[in-house]
S.K.: 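For reference, the structure I am asking about is given below.
Fair warning: this is a prediction, and the values are worked out from it, not measured in the lab. Order of appearance sets the numbers: ligands from 1, and atoms from 1 within every ligand.
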Amino acid sequence: LARNPGEREFHQAVTEVFESLGPVLERNPQYVDAAVLERLCEPERQIIFRVPWVDDAGHVRINRGFRVEFNSALGPYKGGLRFHPSVYLGIVKFLGFEQVFKNSLTGMPIGGGKGGSDFDPRGRSAGEVMRFCQSFMTELYRHIGEYTDVPAGDIGVGGREIGWLFGQYKRITNRYESGVITGKGVTWGGSLVRTEATGYGTVLFAQRMLATRGLSFDGMRVAVSGSGNVAIHAIEKAQALGGHVVACSDSLGYVVDEAGIDLEVLRQVREVERLPVAEYAKRRGGAHYVPAARVWQVDAQVALPCATQNELDETDAKRLVESGLLALAEGANMPLTPEAVALLQSAGVLYAPGKAANAGGVATSALEMQQNASRDAWSFEHTEERLASIMARIHDNCAETAEEYGDPGNYVLGANITGFTKVADAMLALGVV
Ligand code: NDP
């Protein structure tokens, strides 16, 4: 803690993982002898840089850019870029740290990293966002590459921004290096299913978890937070499996639609017109909007937090349990506070941590890298099948590890130990580096 003062989210993420590792360290003293834990929480490299750009009024603006290259024992650093005013080193490090274990869980050859900027895209014109992306990449390009570090999207960075980032990389380097970034458009090196993968994968994980108690999405009342990339695709898949999704949100408030969220209207409002979710309620008769409140006021049997970190606290968890919550799967990274997690677990609610449940996004990014390396493009069906089998494997590995360590159904323990063991073994094999 003294070494990384003020990095609250990073401390939270490290504590959450290390609290699970006692039993594995007892069985494997070689990890302690080789200082694996100490090495794991010190990033291999942290880059902080100035991002100057010119707004539409001709004023020069300065933002701060980050790339934290956390661990490359399993492969090139891999993880998204987040553009949001809350971004600072502590957020990027928490995300990078989580990414190391998540990427290990996918079973694919990818290390962990994360980056972003405190740039706020909200209210900025397309021209401003493009100039920002170009300036960001003008520094970042020297640190990334197909075999080095492969960024992708996250909050505030979707397909449009990936295009502008890749365009600038290509221009500076004069190389069409498709494997340098993922989340690309399908006509220029992207993979089908990548856009859908995180939301779909979260629901597929939840489906398998529900099945352990003989339950399914069919007829379940579902609440989702957020209305961005992960939330929209989680809603789509939950509905496809028969779930009744009644609510979603953004940073300003939430909407309730007892008839079931109309995905077409939601996408028009959020993806096409880029308007707040309040607009959804104006266009859908019967729906209503609640400003400045969290979506967890809504009764739900399945909750899918898909917005941001620490968006569901102990009070929210208590209310959800009282309303009959059966399962919660994290589409976002660390959306629950530690107190909320403890409460759900002691209430016997099925709980899937993000590093396992939302790993489908990065896994499909790795599939995009495979397609780029072989200059191939797979069909939607084939890629979705790969995603489904990866999510099933992650679920089963976590469940089996939890059982092996004497705490069946504890997906936190299962995910942390499974993710850790693979990275730790690779670190031992590679020596003290
Ligand atoms: P988007 O930018 O597409 O959407 C983010 C959504 O969350 C928006 O609805 C946004 O509302 C809301 N939100 C953002 N910040 C806050 C906040 N401080 N309080 C309340 N709501 C907020 O991002 P993604 O859907 O890509 O990412 C969502 C989460 O999923 C993040 O935690 C991300 O790290 C995680 N994730 C994403 C992956 C991906 O493939 N994209 C992969 C794995 C995890 P508003 O528009 O009002 O800001």
S.K.: How far is atom 6 (C) of ligand 1 from its nearest protein heavy atom, and which residue and atom name does that atom have?
M.R.: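 It is Gly228 N, 4.0 Å.
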S.K.: Under 4.0 Å from any heavy atom of Gly226, which atoms of ligand 1 are there?
M.R.: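 Once the distances to Gly226 are compared, the set is 9 (O).
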S.K.: Among side-chain atoms of Gln371 and Ser191, is any donor-acceptor pair under 3.5 angstrom?
M.R.: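 Short answer, yes.
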S.K.: Quick check on contacts: which atoms of ligand 1 are under 4.0 angstrom from a heavy atom of Arg82?
M.R.: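 Counting from 1, the qualifying ligand atoms are 31 (C), 32 (O), 33 (C), 34 (O).
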S.K.: For Thr195, which residues count as a side-chain hydrogen bond (donor to acceptor under 3.5 Å, both in side chains) partner, sequence neighbours excluded?
M.R.: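 Listed in chain order: nothing, the list is empty.
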S.K.: Can you name the one residue among Glu384, Lys237, Glu236 that meets side chain to side chain donor-acceptor pair (under 3.5 Å) with Tyr200?
M.R.: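 Exactly one option meets the side chain to side chain donor-acceptor pair (under 3.5 Å) with Tyr200, and it is Glu236.
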S.K.: Please list the nearest protein heavy atom to atom 3 (O) of ligand 1 with its residue and the distance rounded to 0.1 Å.
M.R.: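 Result: Asn229 N, 2.9 Å.
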S.K.: Just let me know how Arg270 lines up against ligand 1, side chain, backbone, both or neither, with a heavy-atom cut-off below 4.0 Å.
M.R.: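 Under 4.0 Å from ligand 1, Arg270 contributes side-chain atoms alone.
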S.K.: Give the residue and atom name of whichever protein heavy atom lies nearest to atom 21 (N) of ligand 1, and the separation in Å to one decimal.
M.R.: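 Ranked first by proximity to atom 21 (N) of ligand 1 is Ser251 CA, 3.5 Å.
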S.K.: Nearest to atom 12 (C) of ligand 1, what protein heavy atom do you find, and at what distance?
M.R.: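 Closest protein heavy atom to atom 12 (C) of ligand 1: Ala307 CB, 3.9 Å.
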S.K.: Find the distance between OG (Ser135) and CZ (Arg61) and round it off to the nearest 0.5 Å.
M.R.: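 Spacing of OG (Ser135) from CZ (Arg61) equals 14.0 Å.
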S.K.: Tell me the protein heavy atom at minimum distance from atom 16 (C) of ligand 1, and give that distance in Å.
M.R.: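 Its nearest protein heavy-atom neighbour is Thr308 CG2, 3.6 Å.
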S.K.: Hey, does Val230 come in under 3.5 Å of ligand 1, counting only N/O atoms on both sides?
M.R.: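 Checking ligand 1 against Val230, an N or O pair does fall under 3.5 Å apart.
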S.K.: So, does Gly331 sit close enough to ligand 1 that a heavy atom of it is under 4.0 Å from the ligand?
M.R.: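 Flag set, Gly331 near ligand 1.
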S.K.: Side chain, backbone, both or neither: which part of Ala197 comes within less than 4.0 Å of ligand 1 when only heavy atoms are counted?
M.R.: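 Contact part for Ala197 vs ligand 1: neither.
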S.K.: For Phe136, run the ring pair (Phe, Tyr, Trp, His ring centres under 6.0 Å) check against Trp53, Phe83, Tyr141, Phe166 and tell me which one passes.
M.R.: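 In the set Trp53, Phe83, Tyr141, Phe166, the residue that makes a ring pair (Phe, Tyr, Trp, His ring centres under 6.0 Å) with Phe136 is Phe83.
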S.K.: Judging by distance only, is a nitrogen or oxygen of Ala231 under 3.5 angstrom from one on ligand 1?
M.R.: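 N/O-N/O distance below 3.5 Å does not exist for this pair.
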S.K.: Tell me, please, which residues at least two apart from Arg160 pass side chain to side chain contact (heavy atoms under 4.5 Å, CB included).
M.R.: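 So Arg160 forms a side chain to side chain contact (heavy atoms under 4.5 Å, CB included) with Ala126, Val129, Trp164, Arg274.
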S.K.: Is the closest N or O pair between Asn358 and ligand 1 shorter than 3.5 Å?
M.R.: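 No: no nitrogen or oxygen of Asn358 is under 3.5 Å from one in ligand 1.
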S.K.: Between His143 and Glu69, is any pair of side-chain heavy atoms under 4.5 Å apart?
M.R.: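 When only atoms from C-beta onward are counted, Glu69 and His143 do touch, with a gap below 4.5 Å.
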S.K.: Check this for me: Glu273, atom CD, are more than 12 non-hydrogen atoms of other residues, nucleotides or ligands nearer than 6.0 Å?
M.R.: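 Yes.
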S.K.: Show your reasoning for whether ring pair (Phe, Tyr, Trp, His ring centres under 6.0 Å) applies to Tyr280 and Tyr254.
M.R.: CA-CA 10 Å; Tyr280 173 91; Tyr254 69 90; over 10 Å; no
S.K.: With respect to Lys114, determine whether any N or O atom, backbone or side chain, lies less than 3.5 Å from an N or O atom of ligand 1.
M.R.: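 Such a contact does not occur with ligand 1.
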S.K.: Run the numbers for me: atoms of ligand 1, each under 4.0 Å from some heavy atom of His84, listed by number.
M.R.: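 Atoms satisfying the 4.0 Å criterion: 15 (N).
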S.K.: Pick whichever of Gly80, Gly199, Gly156, Ser86 has a heavy atom sitting closest to atom 2 (O) of ligand 1.
M.R.: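 Residue with the shortest heavy-atom distance to the ligand atom: Gly156.
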S.K.: Verify the distance criterion only: is there a donor paired with an acceptor across the side chains of Gln12 and Asn310 at less than 3.5 Å?
M.R.: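 Yes - a donor-acceptor pair under 3.5 Å links their side chains.
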S.K.: Give the residue, atom name and distance (to 0.1 Å) of the protein heavy atom nearest atom 44 (C) of ligand 1.
M.R.: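 The closest heavy atom on the protein side is Asn333 ND2, 3.5 Å.
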S.K.: Just jot down the ligand 1 atoms closer than 4.0 angstrom to any heavy atom of Arg194, in number order.
M.R.: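 So the answer, numbered in order with elements, is 40 (O).
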S.K.: Check each atom of ligand 1 against the heavy atoms of Ser227 and keep those under 4.0 Å away; list them by number with element.
M.R.: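 By the 4.0 Å cutoff, the relevant atoms are 9 (O).
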S.K.: Give the residue, atom name and distance (to 0.1 Å) of the protein heavy atom nearest atom 38 (C) of ligand 1.
M.R.: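 Here the closest protein heavy atom is Thr198 OG1, 3.6 Å.
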S.K.: Does any donor atom in the side chain of Asn397 or Thr418 lie under 3.5 Å from an acceptor atom in the other side chain?
M.R.: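 Absent: no donor and acceptor within the cut-off.
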S.K.: Assess whether side-chain hydrogen bond (donor to acceptor under 3.5 Å, both in side chains) is satisfied between Thr337 and Glu314, documenting all intermediate values.
M.R.: CA-CA 7 Å; Thr337 63; Glu314 193 177 10; over 6 Å; no
S.K.: Between ligand 1 and Lys102, is the shortest N or O to N or O distance under 3.5 Å?
M.R.: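 Looking only at distances, the answer is no, because the N/O contact criterion of under 3.5 Å is not met.
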S.K.: In ligand 1, which numbered atoms sit nearer than 4.0 Å to a non-hydrogen atom of Ala332?
M.R.: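 Answer for ligand 1: 29 (C), 30 (O), 32 (O), 35 (C).
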S.K.: Does His395 reach the main-chain N or O of Gln207 with its side chain, forming a donor-acceptor pair under 3.5 Å?
M.R.: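 Absent.
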S.K.: Please report which non-hydrogen protein atom sits nearest to atom 23 (O) of ligand 1, along with the residue it belongs to and the distance in Å to one decimal place.
M.R.: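 I find the closest protein heavy atom is Ile155 CA, 3.4 Å.
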S.K.: Under 3.5 Å, is there a donor-acceptor pair linking the side chains of Glu279 and Tyr289?
M.R.: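 There is no such pair (donor and acceptor under 3.5 Å, judged by atom type) between the side chains of Glu279 and Tyr289.
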S.K.: Of all the atoms in ligand 1, which lie at a distance below 4.0 Å from a heavy atom belonging to Cys306?
M.R.: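 Close to Cys306: 28 (C), 29 (C).
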